[in-house]
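Structure record follows, encoded as structure tokens.
What you see below is based on every heavy atom in this structure, not just the backbone, and it leaves out hydrogens, waters and symmetry mates.
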Amino acid sequence: EKSSVHLRKKRSGCKVKKKTSKPVYGFLQELKFAQTPMEFHVYEASNQHPKRRKPINHSKDSIFITPFDLPFELINEILLNLPAKSLMKFMSVSKSWLFLISSAEFINTHLNLSVNNKAFKRHKLLLRFDPPYCSLQDCSFSSLFSCSVTEAFDLDYPVKNCNKFLSIVGSVNGLICVAIAEKYLFIWNPSIRKCNKLPDSRASMNGNSCYMYGFGYDEIHDDYRVVAGFRSRNSCKVDIYSVNKDSWRSIDDFPSGVLFMKSGVYVNGKLHWAYSAVQSVISYDAWSIISINLPDGKWGKVEQPCYGEGVFDFTMGVLGGDLSVFCNYERIRVDVWVLKEYGVKESWTKMFTINLPYDPVGYQFCPLFCLSNKGGILFQFGSTFMIYNPKDDSIRYSEITCYNAFYEAYIFIESLVWPISTKPRMQQQPRLEKLR
């Protein structure tokens with residue numbers, strides 16, 4: 001009897017289709033069909049038991065839709081607006097989707113959309129905790145501006161259980177560079193759960209500890225670079241690593257002195273540090289901004305503005321893509337200067353002055369600069385975050401629920417970027433075993 005029904009359907013021209021266990025009712029609902037079979041049906045409403053429901057015939061008048069019936073341009077546009085973690089799952093839908101999502105054009109377009117998202121929907125905040133916790137957490141960055149309380153979550157990161165001190169070197173295009181025990185360096189993309197340990201430089205192999213580092217992108221050569229400075233008793237040596245070449249080379253004649261910040265600030269294809277040639281600094285005239293150009297590895301100096309009188313602590317950051325200087329006048333105020341046109345001293349502009357709130361502990365503002373679409377600017381103040389509104393000179397606080405006071409915070413973007421070619425597991429394993 002079943003076979004006769006099958007023959008009648010076949011003779012009438014109706015296609016016989018297999019039912020799926022999880023029917024999908026819309027392509028636009030976060031593409032939930034990614035974890036279901038490749039063939040999908042929209043079922044008619046009925047009071048019958050789901051097992052007796054019949055699929056609608058695939059005809060011109062039906063509402064039968066599969067993801068492959070949609071135009072390629074529409075599929076591409078929908079996928080580009082999804083987060084990286086979801087896209088990693090959707091690679092298994094079909095070979096064509098795997099090819100599309102893995103293509104360099106798609107990855108770069110997805111990155112640009114994430115970077116330029118004014119609502120910071122693809123931005124995350126990375127929190128580092130000091131011992132005894134030695135852990136990393138992340139939270140939604142956009143919620144810091146819209147919510148009074150934001151929840152943070154634990155992250156799996158390179159060599160999580162090695163019980164060694166961890167530092168954040170920098171972040172660019174969704175990639176994060178971390179240092180373990182001030183010696184071992186990793187490049188890591190938490191969105192796609194990939195990491196790679198860098199080979200040891202000659203200076204680090206001599207047992208020297210790292211006193212400066214930085215991470216940035218060389219747009220000219222489409223290459224990611226890591227800078228690391230190692231200090232011994234008699235000398236200092238600065239090396240630069242190329243991801244494309246998977247090798248280190250030395251930066252010649254880099255000046256020795258005192259750095260007021262360990263991790264370099266990446267702006268305009270260069271890494272920047274606050275530097276002084278003398279040990280004790282009582283005015284800004286005694287220190288300078290030193291930079292390393294990533295494409296050629298040459299170092300130089302950036303001219304500074306005339307800050308005025310007074311003694312202040314000096315840090316740097318990025319505001320709106322421009323190099324910014326943060327002058328902390330202890331427990332009084334903070335002046336924020338921005339270099340509007342890189343390389344032009346006259347373009348230094350004093351953007352605003354923030355009067356410090358009452359603080360008996362003596363915390364200082366840290367330059368976690370980010371300008372929201374409503375004009376608010378986010379700062380780290382001790383283990384809390386403050387949002388300053390320059391329009392009315394107001395300050396409000398944003399709390400993060402985490403188990404302890406964090407020490408350091410970095411902004412990173414969710415992306416599919418992974419510039420490191422796949423290496424045989426046997427080559428990476430010895431590098432990781434040394435840290436266990």
Side-chain angles (χ1 to χ4, degrees), residues 30 81-89 107 110-111 113-180 185-196 215 224 263 266 317-318 366-372 376-387 397-418:
E30 280 288 339
N81 286 277
L82 295 178
K85 290 183 179 179
S86 296
L87 292 173
M88 293 297 292
K89 297 179 181 178
I107 292 173
H110 182 267
L111 174 64
L113 290 174
S114 300
V115 170
N116 297 316
N117 188 304
K118 301 300 182 182
F120 304 119
K121 295 297 184 181
R122 299 288 177 259
H123 290 65
K124 293 281 190 177
L125 196 63
L126 181 67
L127 307 174
R128 179 177 74 84
F129 297 84
D130 273 348
Y133 299 99
C134 293
S135 66
L136 295 176
Q137 289 188 334
D138 74 340
C139 67
S140 168
F141 186 72
S142 59
S143 65
L144 291 175
F145 290 95
S146 58
C147 304
S148 58
V149 180
T150 301
E151 186 176 2
F153 302 93
D154 286 327
L155 273 177
D156 288 328
Y157 57 89
V159 201
K160 183 175 182 178
N161 299 318
C162 69
N163 295 322
K164 295 182 182 292
F165 184 78
L166 179 143
S167 300
I168 303 172
V169 176
S171 174
V172 59
N173 294 343
L175 299 175
I176 299 172
C177 184
V178 296
I180 307 292
L185 294 165
F186 287 82
I187 292 179
W188 167 46
N189 187 329
S191 301
I192 61 177
R193 300 175 62 86
K194 289 184 178 182
C195 72
N196 184 75
F215 179 52
Y224 290 86
S263 183
Y266 172 71
V318 181
C366 293
L368 187 65
F369 290 137
C370 193
L371 184 65
S372 72
I377 301 173
L378 183 73
F379 300 99
Q380 182 185 345
F381 187 65
S383 288
T384 61
F385 291 104
M386 304 173 61
I387 299 174
Y397 295 86
S398 185
E399 181 184 351
I400 294 182
T401 58
C402 46
Y403 50 69
N404 193 34
F406 60 88
Y407 178 77
E408 195 174 20
Y410 271 82
I411 301 170
F412 73 96
I413 299 172
E414 291 182 296
S415 80
L416 298 167
V417 173
W418 188 246

Give, for atom [atom1] of [X] and atom [atom2] of [Y], the distance between the pair rounded to the nearest 0.5 Å.
| X | Y | atom1 | atom2 | value |
| --- | --- | --- | --- | --- |
| M88 | K194 | CE | NZ | 5.5 Å |
| L126 | I411 | CG | CD1 | 11.0 Å |
| E399 | S148 | CD | OG | 7.5 Å |
| I413 | L175 | CD1 | CG | 10.5 Å |

Practice task
Just say parallel, tilted or perpendicular for the rings of F141 and F120, cut-offs at 30° and 60°.
Solution key: perpendicular
Where [X] and [Y] come nearest, the two heavy atoms and their spacing:
| X | Y | result |
| --- | --- | --- |
| S191 | E414 | OG-CA, 3.3 Å |
| A119 | S142 | O-CB, 3.2 Å |
| V178 | W188 | CG1-CE3, 4.3 Å |
| D156 | R193 | OD2-NH2, 3.7 Å |
| S171 | F412 | OG-CB, 3.2 Å |
| F385 | L127 | CZ-CD2, 4.1 Å |

Does [Y] offer a backbone N or O that forms a donor-acceptor pair with the side chain of [X] under 3.5 Å?
| X | Y | result |
| --- | --- | --- |
| D138 | D154 | no |
| S114 | H110 | yes |
| S415 | L111 | no |
| R128 | L166 | yes |
| R122 | N81 | yes |

Practice task
For S143, check side chain to side chain contact (heavy atoms under 4.5 Å, CB included) against everything at least two apart and list the hits.
Solution key: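 Scan of S143 (side chain to side chain contact (heavy atoms under 4.5 Å, CB included), adjacent residues dropped) gives S140, S146, C147, T150.
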Exercise for the section: Tell me, with the steps shown, if I400 and L125 meet side chain to side chain contact (heavy atoms under 4.5 Å, CB included). Expected result: CA-CA 11 Å; I400 294 182; L125 196 63; 4.0 Å; yes
Practice task
Please list, chain by chain and in numerical order, all residues satisfying side chain to side chain donor-acceptor pair (under 3.5 Å) with Y224, sequence neighbours excluded.
Solution key: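 Expected list: N173.
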Exercise for the section: Walk me through it: do S263 and F215 pass the test side chain to side chain contact (heavy atoms under 4.5 Å, CB included)? Expected result: CA-CA 8 Å; S263 183; F215 179 52; over 6 Å; no
Handout entry: side chain to side chain contact (heavy atoms under 4.5 Å, CB included) assessment of L378 paired with F145
Key = CA-CA 8 Å; L378 183 73; F145 290 95; 3.9 Å; yes
Indicate yes or no: at least one non-hydrogen side-chain atom of [X] is less than 4.5 angstrom from one of [Y].
| X | Y | answer |
| --- | --- | --- |
| P190 | I176 | yes |
| N196 | W418 | yes |
| L416 | L87 | yes |

Handout entry: Test side chain to side chain contact (heavy atoms under 4.5 Å, CB included) applied to I192 and K85, step by step
Key = CA-CA 6 Å; I192 61 177; K85 290 183 179 179; over 6 Å; no
